[in-house]
There are 2 protein chains.
Amino acid sequence: MLGETAERILTTARSLMMERGYSAFSYADISEAVEIKKPSIHHHFPTKAGLVVAVLQAHRERLIQGTAAIDSKIESPLGRIQAYVQHWEGCIRDKTVPFCIAALLAAEMPSLPEEVRAEVTLHFNALEDWLERTLKAGVKKHEIQLQNSAATEAQALMAMVHGAMLSARALSSGEVFKTITDAALKRLSAPKR
Amino acid sequence: MLGETAERILTTARSLMMERGYSAFSYADISEAVEIKKPSIHHHFPTKAGLVVAVLQAHRERLIQGTAAIDSKIESPLGRIQAYVQHWEGCIRDKTVPFCIAALLAAEMPSLPEEVRAEVTLHFNALEDWLERTLKAGVKKHEIQLQNSAATEAQALMAMVHGAMLSARALSSGEVFKTITDAALKRLSAPKR
DNA sequence: GCATCCAAACCGACTAGTTGGTAGTCTACT
DNA sequence: AGTAGACTACCAACTAGTCGGTTTGGATGC
């Protein structure tokens with residue numbers, strides 16, 4: 001298992017990356033926040049790439065746990081997707097977790113170490129999988145209507161959520177995220193019958 | 001007007017930023033590509049923030065010129081939006097201009113200098129304006145159907161395009177951009193009548 | 001025609017600070 | 001005695017940016 005310090009380093013790295021991405025945060029930043037000297041961080045995480053990979057693995061783990069929790073709590077597929085989007089809405093509103101790390105790193109992709117790039121791709125795949133599964137279930141239950149294949153609609157939905165995060169940052173407005181995602185959800189729901 | 005060297009610095013900075021964003025490119029990188037010594041770059045652009053602002057202003061100028069060209073060449077609003085999306089599709093395919101700089105910098109927003117941030121916001125506003133105008137014109141001509149206000153749909157469309165760029169990077173697949181944007185365009189077009 | 005002046009362009013050498021990472025040491029706990 | 005965690009003291013490489021100085025191609029005055 002990971003020690004307490006390693007855990008603190010991870011969560012600090014996470015929030016720094018959420019704010020700045022990969023290249024704009026440093027071991028010195030973590031050192032300051034965790035109140036531990038820089039070489040001690042290297043003791044727990046020898047390289048920056050390794051640390052970031054660990055953060056991304058935890059991030060993906062949270063995604064898998066989170067969607068599983070949604071699946072077990074909410075029966076309706078449309079409701080599940082709503083819950084997913086609302087999760088981010090809340091995060092963006094209270095500014096604790098203002099961005100999906102994987103989406104952020106996707107922007108920096110060409111300047112990332114290979115190991116990190118692989119992790120980003122994995123996250124996108126995992127999210128796409130869950131969205132696709134959930135959309136398909138919604139169609140089967142006549143709760144969701146799609147104009148394209150579930151795979152395509154899952155990709156589109158994911159892009160919309162990530163793009164909405166970009167817009168929220170660019171316009172420094174949490175409002176715009178809700179506006180965009182509400183419109184996307186509205187489009188998905190099948191007319192009552 | 002800008003000299004030839006300044007112009008070369010600008011285009012080099014542009015492509016470096018397109019690849020890496022703000023914090024992951026340096027004057028040394030430009031120096032190497034332009035084959036000019038580092039202090040000479042400072043002669044033309046005293047600060048990095050200033051250089052990036054210049055790049056963004058040119059980028060926005062191109063957006064305005066580009067959309068104006070589309071407006072004058074293409075009569076149909078839906079066709080105009082298609083042309084806009086296809087422009088990026090082409091850029092992503094041949095990898096010359098693989099990302100909208102403003103969208104890339106939006107991800108880094110919190111670590112950007114103020115002046116740069118303002119420029120990013122301006123770009124988002126300019127694009128949103130054009131999309132909204134064009135969508136409204138399409139509705140008037142019964143070419144485009146919207147489920148929400150034109151402003152909302154413009155935001156959603158913009159988010160989708162930007163998110164599709166992120167996905168294309170994350171999955172290193174130009175295909176996925178086309179898949180996503182095709183679906184978005186399909187949704188916009190009103191049923192024939 | 002020719003000296004003078006000027007400004008733009010450029011460059012070598014440098015600064016102060018930061019980057020990720022290393023070596024070796026001390027300490028506390030098992 | 002061994003080990004995990006933390007430390008001080010480094011390192012080479014890189015960061016944006018500065019300084020003083022040279023080269024260049026015109027303009028201007030005579």
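Reminder, nothing fancy here: chain letters follow the sequence lines and each chain counts from 1.
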Output the rounded distance in Å from [atom1] ([X]) to [atom2] ([N]).
X	N	atom1	atom2	answer
A:Arg8	D:dG5	CZ	P	13 Å
A:Ile36	D:dA4	CD1	P	16 Å
B:Glu32	D:dC14	CD	P	10 Å

Check your understanding: Within the side chain of B:Glu108, is there an N or O that forms a donor-acceptor pair under 3.5 Å with the backbone of B:Ser23?
Key -> yes
Proximity to DNA chain C (any heavy atom under 4.0 Å), residues of [range] only:
range	answer
residues 106-116 of chain B	none
residues 37-49 of chain A	A:Lys38, A:Pro39, A:His42, A:Pro46, A:Thr47, A:Lys48
residues 14-31 of chain B	none

Check your understanding: With sequence neighbours left out, what residues match A:Lys48 under side-chain hydrogen bond (donor to acceptor under 3.5 Å, both in side chains)?
Key -> none
Practice item. Check the pair A:Ile30, A:Leu51 against side chain to side chain contact (heavy atoms under 4.5 Å, CB included), reporting the backbone distance first and the verdict last. Key: CA-CA 11 Å; A:Ile30 299 178; A:Leu51 168 60; 3.6 Å; yes
Point to revise | Sequence-distant partners of B:His123, ring pair (Phe, Tyr, Trp, His ring centres under 6.0 Å), two or more places apart | key: B:His59
Exercise for review: List for me each residue that meets ring pair (Phe, Tyr, Trp, His ring centres under 6.0 Å) alongside B:Phe124, sequence neighbours excluded, and say none if there are none.
Suggested key: B:His162
Practice item. Supply the atom-to-atom distance A:Glu32 CD to A:Lys37 NZ, rounded to the nearest 0.5 angstrom. Key: 10.0 Å
Point to revise | Separation between OG1 of A:Thr67 and CZ of A:Arg133, rounded to the nearest 0.5 Å | key: 7.0 Å
Check your understanding: If we ignore angles and hydrogens, is there a donor and acceptor under 3.5 Å between the side chains of B:Thr179 and A:Gln155?
Key -> no
Check your understanding: Looking only at heavy atoms, which two atoms of A:Thr181 and A:Ala164 are closest? And how far apart?
Key -> CG2-CB, 4.5 Å
Check your understanding: Is any side-chain N of the basic residue among B:Arg187 and B:Glu153 closer than 4.0 Å to the acidic one's carboxylate O?
Key -> no
